[in-house]
Each structure stands twice: as C-alpha cells, then as structure tokens.
Amino acid sequence: MNMGMRRRRTVRQGISGRQLLAAQAAVVGSLAAALFVKELPGIVRELRIYRMTGGLRAGHRYP
C-alpha cells in the first residue's frame with residue numbers, strides 16, 4: 001500500500017445541470033415564440049372584429 005499516491009478525481013464529461021436548464025429554457029422559449037408568430041394573424045383578426053363590434057362600450061347590444 002503506497003500512501004503517497006492519491007486517487008485523482010475523475011472529471012465528468014457532459015453538461016452541468018445549469019447548462020441543461022438553460023438549454024431547455026431556450027427550447028421552450030423558441031417554441032412559444034414560434035406558436036405566437038403562427039397565431040398572430042388570427043389574433044389580429046379577432047381584435048379587429050372586437051373593435052368593430054364596439055369592444056367594452058357595446059354593452060347589451062351584442063349578447
């Protein structure tokens with residue numbers, strides 16, 4: 001038994017938990033942005049219809 005020799009710590013290969021979390025956040029953010037861009041024309045159309053019908057001022061005219 002040689003007491004002078006120490007075990008070397010092994011270096012883990014791969015990515016850390018923080019890097020993995022950042023990568024997942026980037027993926028989810030890009031998917032949310034793509035969905036928003038895809039649905040934007042429909043949202044704009046709905047807003048135009050809402051404004052044409054009077055919005056909140058319409059009151060009881062449109063049930």
Side-chain angles (χ1 to χ4, degrees):
M1 231 161 67
N2 190 353
M3 296 303 266
M5 301 273 303
R6 293 188 201 162
R7 287 187 183 180
R8 296 184 79 175
R9 296 183 83 181
T10 59
V11 179
R12 291 186 181 192
Q13 298 296 326
I15 60 174
S16 69
R18 186 170 294 190
Q19 290 171 329
L20 180 64
L21 187 63
Q24 288 175 342
V27 168
V28 170
S30 63
L31 287 174
L35 181 65
F36 179 75
V37 168
K38 183 177 181 267
E39 295 295 327
L40 192 60
I43 293 170
V44 170
R45 183 173 54 246
E46 292 293 331
L47 284 174
R48 282 184 182 163
I49 293 170
Y50 181 72
R51 282 193 308 232
M52 283 191 298
T53 58
L56 291 175
R57 299 175 303 187
H60 62 280
R61 288 183 291 185
Y62 299 102

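Here Val27 is tied into one hydrophobic group with Leu31, each link being a pair of ILVMFWY side chains closer than 4.5 Å. Hydrophobic clustering, defined by side-chain heavy atoms of Ile, Leu, Val, Met, Phe, Trp and Tyr closer than 4.5 Å, groups Ile15 together with Leu20.
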Would you list the atom pairs, donor with acceptor, under 3.5 Å between side chains in residues 35-49 and any protein atom, with sequence neighbours excluded?
none

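Take Arg18 and apply the side chain to side chain contact (heavy atoms under 4.5 Å, CB included) test, not counting sequence neighbours, and it matches Ser16.
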